[in-house]
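Every chain is numbered from 1 and lettered A, B, ... according to where its sequence line falls, protein lines coming before strand lines.
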Amino acid sequence: MKAFDYERAPDAQAAVALVAGRPGAVFLGGGTNLVDHMKLGIVSPEMLVDVTRLPFGAVEERDDGGCASAPRYGLLAAFGTAPACRIEVPGAVGCPLPPVRGNGALRRPARSRDAPALETSA
Amino acid sequence: VGKHGKGFAMETTITLTVDGEERAATVDTRVTLLDLLREHLAVVAPKKGCDHGLCGSCTVLLGGRRVTTCLAFAVQHDGAEIITACGLGTAEDPHPVQQAFLDHDGFQCGHCTPGQVCSAVGMVAELEAGWPSHVTPDVASAPKRTPAEIRERMSDNLCRCGAYVNIVAAIEQAAGR
């Protein structure tokens, strides 16, 4: 794995500024895709901006009916306990994000946006 | 600016609590929490299986939540409180989940067992907190402690000996208390 700098973002504004201010900087959340792909050499970010300690510990219903989310995959489990997210989010069938697995990853892991798919079968 | 020529500040000293004991180490930012525990602190209850977050054998409880330590960087967890399977109980006074694994032969070779036990403890807490899973029939009501729920929620902990049937029975016993 190539060397990288690590910064823990103190707030959301700083997190955005850190990533925007440096090419090769990426956000680090649950890491279940990013760290795996770093180990495989698929991605080599120069800087990780850790957003897991941003003070977003809950899921809240917004005025427009949507949900304000949390940065950590593990916290996405809270979606399952937020009534608005369970039932009222347009397009969601039942609970949109309940399937949090033991490692905090989603049940059907999303592929990293910038990385090629690793799976050879669907 | 680090010593590696590209400006990376790589060495970081972190302090964390492992099984009730305060530990410190100076590590490269690339060191995973699993490697910190095993290679730097000689805490070998969590096992390195796949090292890619697929097998669950490196699972510990981090702040009370189950986490696969191979996908966490140590530097992220300065100040963290970690409980491994070793910290859950002793031979004389095992954790209810550990006792249940003994009662039901929930293992064969034992390699995956520390991860299974930590994952089970975390899973029971998640179930009790009312978190639904992929197989919860009605996500608006509290999930029940069914074998299907246990199997789904433990699906990230692999056992190549195939002790799954007994692991599910053990967790049913432990969760029923």
Side-chain angles (χ1 to χ4, degrees), chain A residues 1-9 22 24 28-40 44-53 72-88 92-109 118, chain B residues 1-2 4-10 12 28-33 50-56 58-59 62-63 65-79 115-116 118-120 122-123 126 129-140 142-143 152-157:
Chain A
M1 190 185 298
K2 291 192 176 168
F4 58 85
D5 283 328
Y6 170 86
E7 289 281 349
R8 184 178 299 150
R22 182 163 171 183
L28 173 61
T32 49
N33 277 145
L34 178 66
V35 179
D36 182 32
H37 287 180
M38 288 170 72
K39 287 184 175 191
L40 293 167
S44 300
E46 289 196 6
M47 179 192 223
L48 299 186
V49 177
D50 187 347
V51 295
T52 59
R53 296 204 195 185
R72 257 191 327 206
Y73 272 166
L75 289 177
L76 287 177
F79 269 104
T81 58
C85 298
R86 281 180 177 173
I87 293 157
E88 295 165 19
V93 178
C95 183
L97 288 165
V100 176
R101 308 183 80 178
N103 67 2
L106 299 177
R107 184 68 175 82
R108 303 268 180 265
L118 289 173
Chain B
V1 177
H4 297 270
K6 286 191 71 180
F8 296 110
M10 293 173 63
T12 310
D28 189 304
T29 51
R30 291 171 288 185
V31 171
T32 62
L33 192 53
C50 69
D51 211 24
H52 284 278
L54 302 171
C55 77
C58 68
T59 305
L62 197 157
R65 301 265 297 272
R66 51 184 175 159
V67 165
T68 43
T69 52
C70 73
L71 288 183
F73 289 115
V75 66
Q76 291 178 265
H77 298 290
D78 189 24
Q116 298 275 6
C118 286
S119 193
M123 188 219 84
E126 292 161 18
W131 295 6
S133 82
H134 190 61
V135 299
T136 305
D138 174 13
V139 296
E152 164 64 18
R153 290 163 189 268
M154 293 297 292
S155 65
D156 258 355
N157 288 82

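- Partners of B:Gln76 according to the side-chain contact (heavy atoms from CB on, under 4.5 Å) rule, which considers only residues two or more places apart in sequence or in another chain, are A:Tyr6, A:Leu28, A:Asp50, A:Thr52, B:Ala72, B:Phe73.
- Here the closest heavy-atom approach between residue A:Arg8 and residue B:His77 is recorded as NH2-N, 4.4 Å.
- Considering only heavy-atom pairs separated by less than 4.5 Å from chain A, the leading option among B:Val135, B:Asp78, B:Thr69 is B:Asp78.
- Residues that satisfy the side-chain contact (heavy atoms from CB on, under 4.5 Å) test with B:Cys70, not counting sequence neighbours, are A:Lys39, B:Leu34, B:Asp51, B:Cys58.
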### Message
Let's go through A:Leu40 and B:His52 carefully: what are the C-alpha distance in whole Å and the side-chain angles of both, what is the deciding distance for side chain to side chain contact (heavy atoms under 4.5 Å, CB included) to 0.1 Å, and is it a yes or a no?
### Response
CA-CA 9 Å; A:Leu40 293 167; B:His52 284 278; 3.6 Å; yes
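- Of the inter-residue distances, the one linking A:Met38 atom CE with B:Thr32 atom OG1 reads 11.5 Å to the nearest 0.5 angstrom.
- In terms of heavy-atom proximity, B:Arg30 sits nearest to A:Lys2 at CD-O, 3.5 Å.
- How far OG1 of B:Thr29 is from CE of A:Met47: 11.0 Å, rounded to the nearest 0.5 Å.
- Looking only at side-chain heavy atoms (C-beta outward), B:Leu71 and A:Asp36 come within less than 4.5 Å of each other.
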